[in-house]
J.: 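I'd like to ask some things about the structure below.
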Amino acid sequence: MPSHINRAEPIGAASAALGLLVTFLPWYAFTAANTHVSVNAFRASALGDVYFLAIAAVILLLLIGRGFVDDVVTPYIPETPAHAAAAALAMGSVLIQLIAARATGRSLGVGIFLALLAAAGLCAAAVIRR
């Protein structure tokens, strides 16, 4: 297990933990036939699932980096581009979902803004990692 921790690891870990939490919070809401529907990341669209998978990939990469999980990724993809790709995927999926929800007139919830914040933290960690 590596003994040093760079600045990117705590930022990435905190952002990934926040990202995991916000997948269960309401992202947006709408009214359909006299019912109020609140949607989290898993019900939002396939983009919510993509966001969750990107967060899971970052968590896996952080566990690999600390030596808790066997390294099966970095022989094929270097660690820094893998973090950057997962962060970009998370940010892209949240931004597209945010635009799509707003374009259809849905009421945005706190979860989608926190997901955007978590994705921005992952992007910041990927930039610091370079």
Side-chain angles (χ1 to χ4, degrees):
M1 175 184 325
S3 61
H4 72 289
I5 296 177
N6 58 15
R7 289 184 299 160
E9 284 187 17
I11 294 170
S15 297
L18 178 63
L20 187 62
L21 173 71
V22 300
T23 56
F24 299 101
L25 293 177
W27 279 25
Y28 60 82
F30 59 93
T31 304
N34 297 333
T35 49
H36 183 74
V37 180
S38 181
V39 176
N40 64 7
F42 296 113
R43 291 192 55 207
S45 69
L47 293 172
D49 295 334
V50 168
Y51 175 78
F52 176 75
L53 291 175
I55 295 297
V58 169
I59 292 171
L60 178 65
L61 287 169
L62 288 171
L63 290 174
I64 287 172
R66 296 306 296 163
F68 293 117
V69 177
D70 289 338
D71 188 4
V72 295
V73 177
T74 57
Y76 304 106
I77 302 171
E79 189 175 356
T80 301
H83 277 278
L89 189 62
M91 180 61 85
S93 64
V94 171
L95 284 176
I96 292 170
Q97 187 63 44
L98 180 68
I99 292 167
R102 198 64 216 139
T104 56
R106 304 214 157 135
S107 174
L108 299 177
V110 70
I112 198 159
F113 295 112
L114 289 175
L116 190 61
L117 179 68
L122 292 177
C123 289
V127 168
I128 291 170
R129 184 175 297 280
R130 291 181 174 253

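Heavy atoms only: backbone and side chains are in, while hydrogens, waters and symmetry mates are out.
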J.: Among pairs that include at least one residue of residues 43-65, which meet side chain to side chain donor-acceptor pair (under 3.5 Å), considering only residues two or more places apart or in two chains?
T.: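 The answer is Ser45-Gln97.
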J.: Kindly write out the residues that satisfy side-chain contact (heavy atoms from CB on, under 4.5 Å) with Ala84, not counting sequence neighbours, or none if the list is empty.
T.: Ala126, Arg130
J.: Honestly curious: do Met91 and Val58 fall in one hydrophobic cluster under the side-chain, below-4.5 Å linking rule?
T.: yes
J.: Applying side-chain contact (heavy atoms from CB on, under 4.5 Å), name anything that partners Leu98, two or more places apart in sequence or on another chain.
T.: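 Expected list: Leu108, Ile112, Phe113, Leu116.
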J.: Which side chain to side chain donor-acceptor pair (under 3.5 Å) pairs, counting each pair once, include a residue from residues 78-87, with sequence neighbours left out?
T.: none
J.: Test of understanding: with ring-ring contact (aromatic ring centres under 6.0 Å, His included), list the residues that count as partners of Phe24, not counting sequence neighbours.
T.: Phe42
J.: Indicate if Val50 and Leu122 have the same hydrophobic cluster label, given that clusters are the connected sets of ILVMFWY residues with side-chain heavy-atom separations under 4.5 angstrom.
T.: no
J.: Can you name the closest pair of heavy atoms from Ala82 and Ile77 and give their distance?
T.: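 Heavy-atom minimum between the residues: CB-CG2, 3.9 Å.
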J.: Should Leu47 and Phe30 be counted in the same cluster of Ile, Leu, Val, Met, Phe, Trp and Tyr side chains packed under 4.5 Å apart?
T.: no
J.: Tell me every residue that passes side-chain contact (heavy atoms from CB on, under 4.5 Å) with Leu63, counting only those two or more places apart in sequence or in another chain.
T.: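 Leu63 satisfies side-chain contact (heavy atoms from CB on, under 4.5 Å) with Ile59, Phe68, Val69 once adjacent residues are dropped.
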J.: Output a table of donor-acceptor pairs, distance under 3.5 Å, between side-chain atoms of residues 31-38 and any protein atom two or more places apart or on a different chain; print 'none' if there are none.
T.:
| unit_1 | atom_1 | unit_2 | atom_2 | d |
| --- | --- | --- | --- | --- |
| Thr35 | OG1 | Ala32 | O | 2.4 |

J.: Kindly give the heavy-atom pair with the smallest separation between Trp27 and Ala115, and that separation in Å.
T.: CZ2-CB, 3.7 Å
J.: Using the rule that Ile, Leu, Val, Met, Phe, Trp and Tyr join whenever any side-chain heavy atoms are under 4.5 Å apart, tell me whether Leu95 and Phe52 fall into a single cluster.
T.: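 Same hydrophobic cluster.
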J.: With sequence neighbours excluded, what pairs up with Ile11 under the side-chain contact (heavy atoms from CB on, under 4.5 Å) test?
T.: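 Listed in chain order: Ser15, Ala125, Ile128.
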J.: Answer yes or no: is there a side-chain heavy-atom contact under 4.5 Å between Thr23 and Asn40?
T.: no
J.: Tell me whether Leu89 is reachable from Leu114 by hopping between hydrophobic residues (I, L, V, M, F, W, Y) whose side-chain heavy atoms are closer than 4.5 Å.
T.: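 Result: no, two separate clusters.
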J.: Taking atom CZ of Arg129 and atom CD of Glu9, what is their separation to the nearest 0.5 Å?
T.: 6.0 Å
J.: So, taking the atom named CD1 in Ile55 and the one named CG in Leu21, what distance separates them when rounded to the nearest 0.5 Å?
T.: 11.0 Å
J.: Among residues two or more places apart or on two chains, list those pairs meeting side chain to side chain donor-acceptor pair (under 3.5 Å) that have a residue in residues 98-113.
T.: none
